[in-house]
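In what follows, every chain begins at residue 1, and chains take the letters A, B, ... in the order their sequences are listed. Below, each value reflects all heavy atoms present in this structure, side chains not excepted, and no hydrogens, waters or symmetry copies.
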Number of protein chains: 2
Amino acid sequence: MNHKEAKLKFIQAWGTMGTNWGINRAMAQIHALLLTAIVPLSTEDIMDELNISRGNANMNIRTLLDWGIISKEHKPGDRKEYFSTKKDIWQLIRVIARERKKREIDPVVKLLDELEDFTGNNSKEEKELRKTLTDIKNYTSTASDLFDKVSRSDYGWFVKTIVKLIK
Amino acid sequence: MNHKEAKLKFIQAWGTMGTNWGINRAMAQIHALLLTAIVPLSTEDIMDELNISRGNANMNIRTLLDWGIISKEHKPGDRKEYFSTKKDIWQLIRVIARERKKREIDPVVKLLDELEDFTGNNSKEEKELRKTLTDIKNYTSTASDLFDKVSRSDYGWFVKTIVKLIK
DNA sequence: TAAAAGTTTCAGAAAATATTGAAAGTACGA
DNA sequence: TCGTACTTTCAATATTTTCTGAAACTTTTA
């Protein structure tokens with residue numbers, strides 16, 4: 001396998017992985033393409049490389065921009081927008097932590113807050129329900145804090161704490 | 001809101017959350033139903049409570065059993081299978097860690113292993129690609145170790161390390 | 001061992017998600 | 001202000017995922 005094949009395989013596979021990560025195929029592929037590109041690419045470049053439509057390319061580029069994962073630049077004398085991404089994976093992880101927290105954790109916290117104070121007579125059944133909900137809430141808020149921590153910490157923190165943690 | 005309403009709302013919402021967690025609605029709802037039930041429930045009970053078909057109920061119950069999240073029991077003089085779940089949330093988190101690692105992390109590790117040794121002439125472009133892939137691999141294997149650690153650790157470990165970590 | 005009671009499977013239907021492509025919108029330069 | 005070069009939007013379409021329900025299978029009991 002030469003490096004072009006490796007790159008192609010990486011882009012294809014990253015698209016499939018994206019699916020398991022709750023990120024759509026096109027978005028993950030665009031990101032992989034930019035991650036392995038040596039120069040910024042235009043929307044057309046991306047469309048051609050990945051064989052996707054303009055609408056699809058545009059929409060997913062916008063989302064990646066919104067998330068702050070890729071950035072836009074202009075070449076002098078050219079109206080097109082060109083896109084590139086920092087090759088800093090820790091930065092990427094921080095963004096993922098932020099977005100997944102938003103999607104996966106925040107709604108649980110919101111739900112549990114709403115459920116917290118149901119009224120009742122403190123029967124055994126009610127006590128059990130209260131306990132279950134409280135337990136879930138405790139773990140969830142810990143997870144929430146952990147994701148916040150990751151999304152706000154620098155690489156030094158990662159090495160110092162996470163890497164040690166798993167030893 | 002009384003406790004029946006709270007419970008119903010929890011089950012409904014847990015189904016929706018499941019979606020964001022990569023778990024299908026029915027499976028998440030069945031789990032929520034058992035988590036808040038005070039007695040074991042049969043397939044029919046589950047079908048009735050959640051308004052889902054027998055096929056759907058059966059299939060998702062099997063998956064929950066496979067994952068070790070719920071368990072099966074029999075009542076004397078009754079042929080039906082009854083299902084229940086431990087109300088231990090930490091245990092649930094460990095299973096989730098195991099399953100998500102399997103789905104989200106292991107395939108990345110496998111991919112990166114395959115890509116690792118592409119051949120080439122060590123041009124600048126190739127060196128960059130190698131570096132990017134190596135970086136991803138390092139973070140991924142740390143994540144892999146972390147998920148393993150979670151799925152194998154007891155509640156004491158959680159309190160001692162994770163809770164401190166985020167302070 | 002036959003009927004009854006329960007469980008599993010799976011092809012087709014329905015629902016949810018992602019993608020296309022063409023029309024509408026915007027910004028720039030002459 | 002017009003034409004050109006792009007970007008954005010969105011209704012229609014395609015794809016993927018989930019759900020249904022009935023038939024096939026298994027286990028138990030009489």
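Protein atom CG of B:Leu41 is 13 Å distant from nucleotide atom P of C:dT7, rounded to whole Å. Distance A:Asp78 CG to D:dC6 P: 6 Å, rounded to the nearest Å. As a whole-Å value, the separation of B:His74 NE2 from C:dG6 P is 11 Å. Rounding to whole angstrom units, NZ of residue A:Lys80 and C1' of D:dT8 are separated by 17 Å. Summarising the geometry, the separation between CZ on B:Arg103 and C1' on D:dT17 is reported as 13 Å, rounded to the nearest angstrom. Computed from coordinates, the A:Glu81 CD to C:dC28 P distance equals 11 Å when rounded to whole Å. Atom NZ in B:Lys72 sits roughly 12 Å away from atom C1' in C:dG6 (whole-Å rounding).
Across residues 11-22 of chain A, not one residue has a non-hydrogen atom less than 4.0 Å from an atom of DNA chain D. Residues from residues 44-65 of chain B placing a heavy atom under 4.0 Å of any atom in DNA chain C, listed by number, are B:Arg54, B:Gly55, B:Asn58, B:Arg62.
Salt bridge annotation for A:Lys110-A:Asp106: absent, with no cationic side-chain nitrogen under 4.0 angstrom from a carboxylate oxygen.
A:Leu34 and A:Phe83 get closest at one heavy-atom pair: CD2-O, 3.3 Å. Minimum interatomic distance between B:Ala28 and B:Gly15 (heavy atoms only, all atoms of both residues): CB-CA, 3.9 Å.
Legend: salt bridge (Lys or Arg N to Asp or Glu O under 4.0 Å) pairs involving residues 5-28 of chain A, not counting sequence neighbours, sorted by first then second residue: A:Lys9-B:Glu114. Applying the salt bridge (Lys or Arg N to Asp or Glu O under 4.0 Å) test to every pair with at least one member in residues 61-78 of chain A, sequence neighbours left out, gives these pairs: A:Arg62-A:Glu81, A:Lys72-A:Glu81. The salt bridge (Lys or Arg N to Asp or Glu O under 4.0 Å) contacts involving residues 35-49 of chain A comprise A:Glu44-A:Arg54, where partners must be two or more places apart or lie in separate chains.
For the pair A:Phe83 and A:Arg25, both in contact range of DNA chain D, the more 5′-proximal nearest nucleotide belongs to A:Phe83.
Between A:Lys137 and A:Asp113 the shortest side-chain heavy-atom distance falls below 4.5 Å. Two residues are said to be in side-chain contact when any heavy atoms from C-beta on lie closer than 4.5 Å; B:Leu165 and A:Ile162 meet this criterion. Between B:Glu99 and B:Val95, some side-chain heavy-atom pair lies under the 4.5 Å cut-off. Looking at heavy atoms from C-beta onward, B:Asn60 lies out of side-chain contact with B:Gln29 at the 4.5 angstrom threshold.
Classification of the B:Tyr155-B:Trp90 ring pair by plane angle, with boundaries at 30° and 60°, yields perpendicular.
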Identify the pairs formed between an N or O of the protein and an N or O of nucleotides 26-30 of chain D at a distance under 3.5 Å, and give each distance.
from, atom 1, to, atom 2, distance (Å)
D:dT28, O2, B:Arg79, NH2, 3.0
D:dT29, O4', B:Arg79, NH2, 3.3

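In this structure, A:Asn24 does not reach the C:dT17 phosphate: none of its side-chain N or O atoms is under 4.0 Å from OP1 or OP2.
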